[in-house]
Amino acid sequence: MSQFTELRGLYHLRETIGSGGFAKVKLAYHALTGEKVAIKIMDKRSLGEDLPRVKTEIEAMKDLCHQHICKLYQVIETETKFFMILEYCPEGELFDYIVSKDKLSEEEARVFFRQIVAAVAYIHSQGYAHRDLKPENLLLDEDQNLKLIDFGLCAKPKGGMDSQLFTCCGSPAYAAPELVSGREYLGSEADLWSMGILLYALLCGYLPFDDDKIPSLYKKIQSGKYDTPSWLSDESKSLIASMLQVDPKRRVTIRHLLAHPWLMADAQCPVEWHSKYKRCLDEDCLTELAVHYGKTKKDMEASVSEFKFDYLTATYFLLLEKKMKGRPVRLLNKIRNHE
Ligand SMILES: O=C(Nc1ccc2c(c1)CCNCC2)c1ccc(-c2cn[nH]c2)cc1OCc1ccccc1
């Protein structure tokens, strides 16, 4: 396969694992740690008007560091291409998982929904609205943990999360009534509506509002009327109803969701939504990097904390991943070829 010169010696490219609209995703190994990554490759020429979306996604993902958000490790931009080196999520899309199981039990849906609530509470706390929440944008890692992706449509309103947005975007079936009516809306409130659609899809296996024709789909969304199948418990129905409120001011807020009885069932604690990543740098990783690069720890700390999303940033984060997974915090000195 044509080795991209920009990746040579840094990553060992393997098979293509997905190719969507304007991107191709390849499996690769990060040479220094041996860790698996996904590399999303986009050709600028074929991006066309989607180019700003890629820049939005890259800038947002650089700001977001959370256990339920797909980690961006490195960005390589050339004259014709973008390479995004991303967290490896080998269990694919939540969408395919739901389809494979027809629908999920309340218990299983709760495990996933708690992770979704954590991810959304975190991005809202960072001033971002996702605006395209749907099962296709939630990937599963090797431990069946959810990782939110696709921040191409996200908004970080200048005036903070209380300022109105206008652009109508996202996937129609997940779009809030105020959004499809072309009215001003709050990103956070629109995300809460999409989470109601998501929870309904997890528990039912199909969408509450669906229609082949967009105009009639919009009418159904604006009516706010959907049927609730017999297998839904009363608690599930009331939780979904609190999110699928047509009036955004009557809609439940993410803060209330964190301690909602349905989410707390099975004697759980409120959703722990803060990032598990600390602000300060990890000493063991810094030591290993300093030894490898022959620098003092102080100099190493200065370089790493610039977080330029270059190879050093990727190496630091992947070393940290190894540590969090209980693997040795070691860099591979000679570049070993992978079997
Ligand atoms: O690691 C990713 N995907 C991925 C990796 C390995 C495997 C699979 C999937 C499933 C197919 N069997 C082989 C195992 C992976 C990571 C990040 C992103 C990503 C982050 N922002 N944007 C995209 C996309 C990714 O993929 C796309 C995909 C490919 C096939 C199906 C489902 C999903």
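Order of appearance sets the numbers: ligands from 1, and atoms from 1 within every ligand.
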In short, salt bridge (Lys or Arg N to Asp or Glu O under 4.0 Å) pairs touching residues 236-265 with sequence neighbours left out are E178-R251, E189-K249, D234-K237
When you check the gap from the basic side-chain N to the acidic O, do K81 and E6 get nearer than 4.0 Å?
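Result for this pair is no, no salt bridge flagged.
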One pair per line, please: each N/O atom of ligand 1 matched with every protein N/O atom under 3.5 Å away, atom names first, then the distance to 0.1 Å.
{"from": "ligand 1", "atom 1": "1 (O)", "to": "C89", "atom 2": "N", "distance (Å)": "2.8"}
{"from": "ligand 1", "atom 1": "3 (N)", "to": "C89", "atom 2": "O", "distance (Å)": "3.4"}
{"from": "ligand 1", "atom 1": "22 (N)", "to": "K40", "atom 2": "NZ", "distance (Å)": "3.3"}

Step through it carefully: locate the ring centre of F83, locate the ring centre of F4, and say whether they are under 6.0 Å apart.
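Centroid distance F83-F4: below 6.0 Å, so yes.
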Parallel, tilted or perpendicular: which describes the rings of Y226 and F209, with under 30° parallel and over 60° perpendicular?
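The arrangement is perpendicular - the two ring planes meet at more than 60°.
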Applying salt bridge (Lys or Arg N to Asp or Glu O under 4.0 Å) to K322 and not counting sequence neighbours gives none
Side-chain donor-acceptor distances from residues 87-96 under 3.5 Å, at least two apart:
{"from": "E87", "atom 1": "OE1", "to": "K71", "atom 2": "N", "distance (Å)": "2.9"}
{"from": "E87", "atom 1": "OE2", "to": "K147", "atom 2": "NZ", "distance (Å)": "2.9"}

